[in-house]
Amino acid sequence: MKLDVLRRYRAQMEEVVRLDLFRLRQELQDAEVRSHLLDAQLRRTADAYSEKAGRGVALDEFLVWQSTFAAETSKLAEARQIETQLREAWSRKQDDMREVAQDRRTLDRLAERIRQQRRLVQHRIDQMEMDEAAQRMSTM
């Protein structure tokens with residue numbers, strides 16, 4: 001496989017990983033916002049219950065509050081779990097990004113080294129041709 005083809009392939013891989021990283025970051029931000037909103041809602045519910053409980057609560061109303069707390073707590077736990085999973089996925093994707101970027105940089109350095117070697121060889125060839133031409137001119 002030619003080096004340029006391999007470099008283009010690695011650049012494409014890097015772009016795909018970059019897009020995945022961006023998508024995961026957006027999803028993580030959305031999950032963080034959702035967790036914060038659910039947490040705030042749960043605190044508002046707890047405050048409202050505390051205020052209401054101070055005046056007295058009937059059993060059936062208590063059961064409704066308890067059900068509300070359970071549902072909100074469950075939603076918050078699920079949102080936090082999703083947030084944690086996305087954070088871990090984002091971290092793994094960052095590692096992938098570092099790896100493919102390093103691979104691309106390595107290939108870029110190799111390509112530059114090859115270009116330098118070719119320039120050096122071409123310079124030597126040009127110098128030999130000029131020396132040969134000068135030698136022919138001097139023998140005439």
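Computed from a predicted structure; not experimentally measured.
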If you round to the nearest 0.5 Å, how far is CG of L110 from CZ of R115? 9.5 Å
For R118, does the CZ atom sit with more than 12 other heavy atoms under 6.0 Å from it, leaving out its own atoms? no
Before giving the answer on side-chain contact (heavy atoms from CB on, under 4.5 Å), spell out for L6 and K2 the whole-Å C-alpha distance, their side-chain angles and the decisive distance to 0.1 Å. CA-CA 6 Å; L6 188 56; K2 294 196 177 226; over 6 Å; no
State yes or no: do I114 and L107 share one hydrophobic cluster built from I, L, V, M, F, W and Y residues joined by side-chain heavy-atom distances below 4.5 Å, directly or via other members? yes
Using a 6.0 Å cut-off, check whether atom CD of E78 has over 12 heavy atoms from anything other than its own residue. no
Do V57 and L59 share a hydrophobic cluster (ILVMFWY, side-chain heavy atoms under 4.5 Å, transitive)? yes
A quick test of your reading: do over 12 heavy atoms of other residues, nucleotides or ligands sit less than 6.0 Å from NZ of K93? yes
Please assess R104 against R7 for the test side-chain contact (heavy atoms from CB on, under 4.5 Å), listing each intermediate value before the final yes or no. CA-CA 6 Å; R104 185 195 46 78; R7 286 178 59 222; over 6 Å; no
Tell me whether R23 is salt-bridged to E27, with the criterion being a basic N under 4.0 Å from an acidic carboxylate O. yes
F62: ring pair (Phe, Tyr, Trp, His ring centres under 6.0 Å) partners, not counting sequence neighbours: none
How would you list, by chain and number, every residue that makes a side chain to side chain contact (heavy atoms under 4.5 Å, CB included) with Q94, sequence neighbours excluded? L21, W90, R98
When rounded to the nearest 0.5 angstrom, what distance separates CD in Q66 from OG1 in T73? 10.5 Å
Between the side chain of S50 and the main-chain N/O of A46, is any donor-acceptor distance below 3.5 Å? yes
Using the side-chain contact (heavy atoms from CB on, under 4.5 Å) definition, which of the options R34, E32, H36 pairs with E83? E32
Is there a continuous path of hydrophobic side-chain contacts, each under 4.5 Å between heavy atoms, that joins V33 to L24? no
Just by distance, do the side chain of S91 and the backbone of R87 share a donor-acceptor pair under 3.5 Å? no
Sorted by first residue and then second, give each side-chain hydrogen bond (donor to acceptor under 3.5 Å, both in side chains) pair with at least one member in residues 51-61; sequence neighbours left out. K52-E61
Within a reach of under 6.0 Å around CZ of F69, are more than 12 heavy atoms found that belong to other residues, nucleotides or ligands? yes
So which heavy atom on M13 is nearest to which on V100, and how close? CE-CG1, 4.1 Å
Would you compute the distance between atom CD of Q116 and atom CZ of R109 and round it to the nearest 0.5 angstrom? 12.5 Å
Are M128 and L120 linked, directly or through intermediate hydrophobic residues, by side-chain heavy-atom contacts shorter than 4.5 Å (ILVMFWY only)? no
Any chance CD of Q127 has more than 12 other-residue heavy atoms, nucleotides or ligands included, within less than 6.0 Å? yes
Please tell me whether D30 and Q26 have a donor and an acceptor in their side chains that are separated by less than 3.5 angstrom. no
I'd like to know if the side chain of T68 reaches the main chain of V64, judged simply by a donor and an acceptor atom lying under 3.5 Å from each other, with no hydrogens or angles considered. yes
Excluding sequence neighbours, so at least two apart, what forms salt bridge (charged side-chain N to carboxylate O under 4.0 Å, His left out) with E88? none
In Å, rounded to the nearest 0.5 Å, how long is the span from OH of Y9 to CG of D103? 10.5 Å
Any salt bridge (charged side-chain N to carboxylate O under 4.0 Å, His left out) pairs touching residues 127-140, not counting sequence neighbours? E132-R136
Full working for side chain to side chain donor-acceptor pair (under 3.5 Å) between Q41 and R44: CA-CA 5 Å; Q41 177 62 41; R44 283 191 301 273; 2.8 Å; yes
Clusters formed by hydrophobic residues whose side-chain heavy atoms approach within less than 4.5 Å: which one holds M130, and what are its other members? none
Which is it for I82 and L86 under the side-chain contact (heavy atoms from CB on, under 4.5 Å) test, yes or no, and what are the steps along the way? CA-CA 6 Å; I82 290 170; L86 286 170; 3.9 Å; yes
side-chain contact (heavy atoms from CB on, under 4.5 Å) partner of E72, chosen from T45, D39, L38: T45
